[in-house]
Amino acid sequence: RGKMMQYYTAELWWKINDEDENTRKQAEEEWDRNSLLYQRQFEEVKKRLPRKFIKDFLAREELHDYVILGIAVAKKGKNYSCHLQLTNHAETVILEIDKLKALQIDMETFKYCMMGMISWGYTEFEIISENVMQMAVLCDMQNEMRFQFHSIKLIKQ
């Protein structure tokens, strides 16, 4: 399986939670460096994403710690779409991803899910081509998802 996350990697997340203080400290420093690098990339990427999506996404701390209630993929004409239903227990939202070009969901284990629920950890966006964006998500320190798409929006339920 290929890595989906470039900056916020599962390996680094594990090290941040390591029992060894030195390992944690080094990992936190690397995480901070990677965060700065990703933020530079994100400044360019967010120019290509819908403003309302960015506003809603950032207002919800990039969906960090939201629980994934459901994932549905459907065919719309010639295209596919994916709807993810998420909650932080105060509100429920739908992440609607349309005109999918690629979808990869690697759920290797539910061992690290909080109370049996898959939690959204960290997100990375990337420009793939003129019309295609990519969103990669690291969940529960172990599981990953990747979506390549033309459009995305966040809808409060």
Side-chain angles (χ1 to χ4, degrees), residues 1-14 16 31-110 112-114 116-157:
R1 140 190 143 153
K3 282 188 176 183
M4 294 183 217
M5 303 291 283
Q6 182 178 350
Y7 300 98
Y8 303 118
T9 65
E11 295 79 13
L12 200 49
W13 198 359
W14 274 104
I16 285 173
W31 188 274
D32 289 345
R33 284 190 303 273
N34 285 1
S35 291
L36 288 173
L37 292 170
Y38 175 68
Q39 286 309 313
R40 285 188 202 132
Q41 175 177 306
F42 186 62
E43 287 304 311
E44 290 304 309
V45 169
K46 73 181 187 180
K47 295 173 187 174
R48 303 267 300 273
L49 292 166
R51 283 186 189 173
K52 181 170 178 5
F53 168 78
I54 290 296
K55 180 183 172 209
D56 293 343
F57 185 71
L58 294 177
R60 289 169 175 84
E61 298 178 354
E62 301 179 7
L63 302 175
H64 184 74
D65 286 340
Y66 272 63
V67 171
I68 300 171
L69 299 175
I71 300 172
V73 178
K75 188 167 177 144
K76 282 184 167 181
K78 295 179 180 179
N79 298 302
Y80 286 89
S81 67
C82 182
H83 290 189
L84 291 97
Q85 185 181 36
L86 304 118
T87 188
N88 68 351
H89 306 295
E91 73 167 353
T92 299
V93 297
I94 299 287
L95 184 59
E96 188 176 282
I97 305 166
D98 285 325
K99 295 185 181 173
L100 282 173
K101 294 296 172 195
L103 168 64
Q104 182 177 356
I105 299 175
D106 289 348
M107 295 291 164
E108 292 187 357
T109 181
F110 297 106
Y112 305 102
C113 296
M114 299 289 282
M117 304 292 272
I118 301 167
S119 294
W120 194 281
Y122 296 93
T123 311
E124 291 179 7
F125 285 94
E126 184 180 346
I127 299 168
I128 300 300
S129 68
E130 180 70 27
N131 298 318
V132 179
M133 303 294 292
Q134 177 170 286
M135 177 179 68
V137 182
L138 178 59
C139 303
D140 302 317
M141 298 176 66
Q142 189 74 19
N143 301 307
E144 293 181 275
M145 300 184 288
R146 179 178 60 91
F147 306 85
Q148 288 183 0
F149 58 91
H150 280 271
S151 67
I152 189 168
K153 62 183 161 185
L154 195 58
I155 305 161
K156 186 173 178 182
Q157 244 185 339

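Both backbone and side-chain heavy atoms feed into the values below; hydrogens, waters and symmetry mates do not.
Contact check for Trp14 versus Gln142: side-chain heavy atoms found under the 4.5 Å cut-off. Counting heavy atoms from C-beta outward, Ile128 and Lys101 have side chains that stay 4.5 Å or more apart. Counting heavy atoms from C-beta on, the side chains of Arg60 and Leu154 come closer than 4.5 Å. Between Met145 and Trp120, some side-chain heavy-atom pair lies under the 4.5 Å cut-off. Residues Lys52 and Lys153 are not in side-chain contact: their nearest non-hydrogen atoms beyond the backbone lie 4.5 Å or more apart. In this structure, Leu58 and Glu62 have side chains that are in contact, with non-hydrogen atoms separated by less than 4.5 Å.
Nearest heavy-atom pair, Glu44 versus Ile127, reported as atom, atom and distance to 0.1 Å: O-CD1, 4.3 Å. Contact record, Phe125 with Gln41: O-NE2, 2.7 Å, taken as the closest heavy-atom pair. The shortest heavy-atom contact between Met4 and Glu124 is O-OE1, 4.4 Å. The minimum heavy-atom distance between Met107 and Ile118, with the atom names listed, is SD-CD1, 4.0 Å. The two residues Phe147 and Phe149 have their closest heavy-atom pair at O-CD2, 3.6 Å. The minimum heavy-atom distance linking Leu100 with Cys82 is given by the pair CD1-CB, 3.8 Å.
We find the CG-CH2 distance between Leu138 and Trp13 to be 5.0 Å, quoted to the nearest 0.5 Å. The distance from atom CD of Gln148 to atom CE of Met133, rounded to the nearest 0.5 Å, is 11.0 Å. Taking SG from Cys139 and CD from Glu144, the interatomic distance works out to 8.5 Å, rounded to the nearest 0.5 Å. Interatomic distance, OG of Ser119 versus CG of Asn88, reported as 11.0 Å (0.5 Å rounding). Here the straight-line distance linking atom OG1 of Thr92 with atom NZ of Lys156 works out to 9.5 Å at 0.5 Å rounding. Ile71 CD1 to His83 NE2: the interatomic distance, rounded to the nearest 0.5 Å, is 12.5 Å.
The environment of OH in Tyr8 is crowded: more than 12 heavy-atom neighbours from other residues, nucleotides or ligands sit within 6.0 Å. More than 12 heavy atoms of other residues, nucleotides or ligands shown are found within 6.0 angstrom of CD on Glu91.
Ring-centre distance between Phe42 and Tyr7: not below the 6.0 Å cut-off.
Under a 3.5 Å cut-off, the side chain of Arg48 and the backbone N or O of Glu126 do not form any donor-acceptor pair. Looking at His150, its side chain never comes within 3.5 Å of a backbone N or O of Val132 through a donor-acceptor pair.
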Inset, instruction - Go through Leu49 and Ile152 one step at a time and tell me if the side chain to side chain contact (heavy atoms under 4.5 Å, CB included) criterion holds. - result: CA-CA 8 Å; Leu49 292 166; Ile152 189 168; 3.9 Å; yes

Inset, instruction - Determine, step by step, whether Leu63 and Thr123 satisfy the side chain to side chain contact (heavy atoms under 4.5 Å, CB included) criterion, reporting the C-alpha distance in whole Å, the side-chain angles of both residues, the deciding distance to 0.1 Å, and the verdict. - result: CA-CA 8 Å; Leu63 302 175; Thr123 311; 5.6 Å; no

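Defined by atom type and a distance below 3.5 Å, a donor-acceptor pair is present between the side-chain atoms of Gln157 and Gln85.
Ring geometry for Tyr122 versus Trp31: interplanar angle over 60°, hence perpendicular rather than tilted (30 to 60°).
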